[in-house]
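Single-structure report; data block below.
Predicted model, so just to flag it, every value in this text is computed and none were measured.
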Amino acid sequence: MVFGQYPNVENELDKKVKSFLKGNADNWNDMNIAISDGKILYDIIIQNNYKNALEIGTSTGHSAIWIAWALSKTGGKLTTIEIDKKRYLQAKSNFKKAGVEKFIDARLGDAHELVPALNGSFDFVFSDADKYWYKNYFIALDPKIKEAGCFTAHNVAVQASGIKEFLDYIKSLKNYKTTIDNTSRSGISISYKNANN
């Protein structure tokens, strides 16, 4: 399947990351994204040259590795938040094995508290934590998302509590243009800030 393909290998880091991802392709549990979803996030970052990324919900680090891989090309860095200590420690170990740990600031804590308190601004956000809180995460981050930045959310094809409310809200905003990438079985919403309507 075309969407599941890995990016071209151009250097030693690419080789290391790809080898790690391929070697662990069957080990990611259902809290992690599919390979094809990782490629979607990677492509968005590369195409827009994003540098300041935030992930809400690290799990054991599959999506963060894809995001950090892209950021290794743009000269950026990812801040990722995980509430579960066991998953957080596993993710940190995975980042090291994949060779991307220097592109990631991994934080252990409750995103409900950490996200509103974050300093700085972001040009790329990936929300993949508690679905019923998606709208709250977005509202807290909206002022911190740069112009032409992108807010993405995972599992929007799932009929989980809060997904419809989040999508209705973000689609109603005049300064965001939202599409759903349906090549993802889970559904990824992609919202660009201040896109030309």
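- The hydrophobic clustering, which links ILVMFWY residues whose side-chain heavy atoms are closer than 4.5 Å, places Ile83 and Leu141 apart.
- Shown here for Val115 and Ala140, the closest heavy-atom pair between the two residues is CG1-CB, 4.1 Å.
- Shortest non-hydrogen contact noted between Phe103 and Ala68 is CB-CB, 4.1 Å.
- When the ring-ring contact (aromatic ring centres under 6.0 Å, His included) test is applied to Phe166, the partners found at least two apart in sequence or on another chain are Tyr134, Phe151.
- Applying the side chain to side chain donor-acceptor pair (under 3.5 Å) criterion to Glu147, with sequence neighbours excluded, gives no partner residue.
- With sequence neighbours excluded, the residues forming a salt bridge (charged side-chain N to carboxylate O under 4.0 Å, His left out) with Glu165 are Lys135, listed by chain and number.
- Under the rule for a side chain to side chain donor-acceptor pair (under 3.5 Å), the partners of Thr178 that lie at least two apart in sequence or sit in another chain are Ser191.
- Inter-residue side-chain proximity for Ile35 and Leu21 is flagged as unmet; no heavy-atom pair is nearer than 4.5 Å.
- Here the straight-line distance linking atom CG of Leu41 with atom CD1 of Ile190 works out to 8.0 Å at 0.5 Å rounding.
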Check against side-chain contact (heavy atoms from CB on, under 4.5 Å), Leu54 and Lys144: CA-CA 11 Å; Leu54 171 68; Lys144 301 171 188 178; over 6 Å; no

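- No continuous path of ILVMFWY side-chain contacts below 4.5 Å connects Val9 to Val100, so the two sit in separate hydrophobic clusters.
- Asp130 and His112 share a side-chain donor-acceptor pair at under 3.5 Å.
- Scanning for salt bridge (charged side-chain N to carboxylate O under 4.0 Å, His left out) contacts around Glu55 gives an empty result, with sequence neighbours left out.
- Hydrophobic cluster membership for Leu89: Tyr88, Leu108 (Ile, Leu, Val, Met, Phe, Trp, Tyr linked by side-chain heavy atoms under 4.5 Å, directly or transitively).
- Contacts of Asp181 classified as side chain to side chain donor-acceptor pair (under 3.5 Å), with partners at least two apart in sequence or in another chain: Thr183.
- Remark: the backbone N or O of Tyr50 is not paired with any side-chain donor or acceptor of Asn48 at under 3.5 angstrom.
- For the atom pair CG of Asp37 and NE2 of His154, the computed distance is 4.0 Å after rounding to the nearest 0.5 Å.
- We find the OH-CG distance between Tyr137 and Leu114 to be 9.5 Å, quoted to the nearest 0.5 Å.
- Listed by chain and number, the residues in a side chain to side chain donor-acceptor pair (under 3.5 Å) with Asp168 are Lys164 (sequence neighbours excluded).
- Under the salt bridge (charged side-chain N to carboxylate O under 4.0 Å, His left out) criterion, Lys15 pairs with Glu12, sequence neighbours left out.
- Summarising the geometry of Gly57 relative to Glu82, their closest heavy-atom pair is C-OE1, 3.9 Å, with the distance given to 0.1 Å.
- Using a cutoff of 4.0 Å between basic side-chain nitrogens and carboxylate oxygens, Asp123 and Lys193 are not scored as salt-bridged.
- No donor-acceptor pair under 3.5 Å is formed between the side chain of Asn155 and the backbone N or O of Val158.
- Across all their heavy atoms, Thr80 and Thr58 have their closest contact at OG1-OG1, 2.7 Å.
- For the pair Ala91 and Gly61, the tightest heavy-atom approach, listed with the atom from each and the gap, is CB-N, 3.9 Å.
- The closest donor-acceptor contact from the side chain of Lys131 to the backbone of Ala129 lies under 3.5 Å.
- Between the side chain of Thr152 and the main chain of Ser189, no donor-acceptor pair closer than 3.5 Å is present.
- Between atom OG1 of residue Thr79 and atom CD1 of residue Ile56 there is a gap of 11.0 Å, rounded to the nearest 0.5 Å.
- In this structure, the salt bridge (charged side-chain N to carboxylate O under 4.0 Å, His left out) partners of Asp105, at least two apart in sequence or on a different chain, are Arg107.
- Of the inter-residue distances, the one linking Ile180 atom CD1 with Ile188 atom CD1 reads 10.0 Å to the nearest 0.5 angstrom.
- Remark: of the listed residues Tyr6, Phe95, Phe126, Phe124, Tyr6 is the sole one forming a ring-ring contact (aromatic ring centres under 6.0 Å, His included) with Trp66.
- A donor-acceptor contact shorter than 3.5 Å is absent between the side chain of Lys92 and the backbone of Glu101.
- By the ring-ring contact (aromatic ring centres under 6.0 Å, His included) test, Phe20 is found to be paired with no residue, residues two or more places apart in sequence or in another chain being considered.
- Heavy-atom minimum distance, Ala98 versus Val17: O-CG2, 3.3 Å.
- Each salt bridge (Lys or Arg N to Asp or Glu O under 4.0 Å) pair with one or both residues in residues 61-76, not counting sequence neighbours, appears once here: Glu10-Lys73, Asp14-Lys73.
- Leu78 contributes atom CG, which lies 15.0 Å from atom NZ of Lys51 (distance to the nearest 0.5 angstrom).
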